[in-house]
Amino acid sequence: MGGVINEPGHVLLTPGPLTTSDRVRAAATRDFGSWDQDFNDVTAEVRAAIVRAAGGMLGRELTCVPMQGSGTFSVEAMVRTFVPQSGGLLVASNGAYGERMARIAQVAGLRVRVIATPWDQPIDPGQIARELREHPGITHVGLIHCETSTGLLNPLPDIADAVHACGARLLLDAMSTFGALDTLPDHPGVEAAVAASGKCLEGLPGVGFAIARRESLAAADGRCSSLSLDLADQHAYMERTGQWRYTPPTHVVAALREAMLAFEEEGGRAVRLVRYQENSRALADGAASLGLAPYLPDALQAPIIHTFYAPASPRWDFSAFYQEVKARGFILYPGKLTAEDTFRVGCIGQVTPQTMAQACGAIEDALVEIGVRRRGAVAGPTTLAPSRLSIRDRKIPR
Ligand SMILES: *Cc1c(COP(=O)(O)O)cnc(C)c1O
């Protein structure tokens with residue numbers, strides 16, 4: 001795999017922006033005129049490739065609507081475009097992105113209810129069904145497929161079934177899964193899913209998109225309380241003219257076309273998923289051998305990003321650790337949990353199991369450097385296990 005380390009850059013073990021290939025970055029060096037037919041062709045190719053990546057059985061019924069901005073802009077566009085003022089959104093939340101979606105609905109002035117599930121537990125489809133039966137005015141359910149704030153994978157098929165059985169529609173934040181995991185675009189309970197260029201598709205950050213049925217977009221015409229974030233209007237205009245309504249991020253879209261070519265050459269979603277699963281396994285094994293305790297049990301862990309407890313040492317200092325790991329070529333992520341001291345390591349992007357093993361080596365050296373671990377220790381440092389489980393229960397090698 002070429003171009004994994006690009007001096008003076010680092011390997012990003014962060015789930016967006018992430019480590020990209022030289023060919024994807026090189027594709028961003030060409031200037032395109034936003035009105036030019038060459039760029040209209042780029043847009044059309046990207047949209048078609050994203051629909052193909054979505055898979056599903058809908059064929060021409062399914063469409064891709066690109067939206068300028070980071071991923072959050074597309075989440076906000078989806079919520080504002082599809083949830084009618086007369087309806088309501090039930091957000092099933094078990095992490096920071098679920099909380100953000102609820103906030104988006106609140107700011108939009110929509111009726112919103114939240115199922116607040118602990119961050120280390122999956123969303124319960126039965127609880128969604130009960131909420132929907134008790135509150136028949138709710139038209140939509142918001143779900144985060146993989147909660148990137150922890151790495152937890154929510155049970156999408158069961159949740160989509162439950163939402164459909166209750167006559168509601170699912171709005172899916174598939175930001176950190178689209179391109180690797182099945183996002184069920186053709187499930188009758190799924191109204192739309194959103195994702196972005198700079199996650200599992202391994203493009204540059206800066207553009208998002210929604211996948212939805214043409215009929216859903218047509219039905220949402222005139223519903224959106226925002227001009228620039230109106231997916232129905234963006235879709236109608238793009239279908240009519242081949243162009244974006246407002247200035248497109250031309251370089252990012254050109255790089256995304258290259259990323260989609262690379263995606264299809266690699267073998268598409270199933271092959272990418274296998275690579276990420278292998279990365280995830282290499283990371284989990286490497287961390288376990290260092291005695292780092294994972295926040296989530298294996299069964300809830302998505303092969304996207306892992307959260308680890310900080311080592312239980314008075315010498316632990318995340319920013320010193322971060323700098324030592326960075327000096328060895330890798331960029332990690334701070335934890336997003338408020339109550340517990342954690343850090344995160346992503347396993348998506350142009351990285352392989354070898355990269356993950358090297359990262360674990362860098363993590364080991366950094367732990368030694370900051371005085372949390374003895375060099376060559378067979379066991380790792382003890383880690384801050386969650387209060388309800390003792391270290392012994394978590395089977396940390398000692
Ligand atoms: C990355 C991400 C987003 C969007 O975040 P931005 O910083 O706006 O790109 C939304 N939801 C999830 C689950 C994500 O991983």
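Ligands are counted one by one from 1 in listed order, and the atoms in each one are counted from 1 as well.
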Quiz item: Does K336 make a cation-pi contact with Y97 (under 6.0 Å, within 45 degrees of the axis)?
Solution: yes

Quiz item: Among the heavy atoms of G95, does any lie under 4.0 Å from an atom of ligand 1?
Solution: no

Quiz item: Using a distance-only test with no angle check, is there a side-chain donor-acceptor pair under 3.5 angstrom linking T20 and Q350?
Solution: no

Quiz prompt | Protein contact to atom 15 (O) of ligand 1 [nearest heavy atom, distance to 0.1 Å] | solution = T148 OG1, 2.5 Å

Exercise. Give the minimum heavy-atom separation between I331 and T14, together with the two atoms involved.
Key: O-CG2, 3.8 Å

Practice problem: For atom 5 (O) of ligand 1, find the nearest protein heavy atom and state the residue, atom name and distance (0.1 Å precision). | Solution: T72 OG1, 3.5 Å

Quiz item: With respect to atom 7 (O) of ligand 1, which of M175, E76, R100, M101 exhibits the smallest heavy-atom separation?
Solution: R100

Self-check item: R113 side chain to H135 side chain, donor-acceptor N/O pair below 3.5 angstrom
Solution: yes

Practice problem: Starting from atom 11 (N) of ligand 1, find the nearest protein heavy-atom neighbour and note its residue, name and distance. | Solution: D173 OD2, 2.6 Å

Quiz item: Any N or O on K199 sitting closer than 3.5 Å to an N or O of ligand 1?
Solution: yes

Quiz item: Which pairs with one or both residues in residues 98-134 pass ring pair (Phe, Tyr, Trp, His ring centres under 6.0 Å), sequence neighbours excluded?
Solution: none

Quiz item: For ligand 1, which atoms, with element, lie under 4.0 Å from some heavy atom of I144?
Solution: 13 (C)

Exercise. Any atoms of ligand 1 less than 4.0 Å from a non-hydrogen atom of G71? List them with their elements.
Key: 4 (C), 6 (P), 8 (O), 9 (O)

Practice problem: Would you check if there is a donor-acceptor pair between the side chains of T139 and R169 at a distance under 3.5 Å? | Solution: no

Quiz item: Less than 4.0 Å between a side-chain N and a carboxylate O, is that true for E258 and R30?
Solution: no

Self-check item: Part of C146 within contact of ligand 1 (heavy atoms, under 4.0 Å)
Solution: backbone

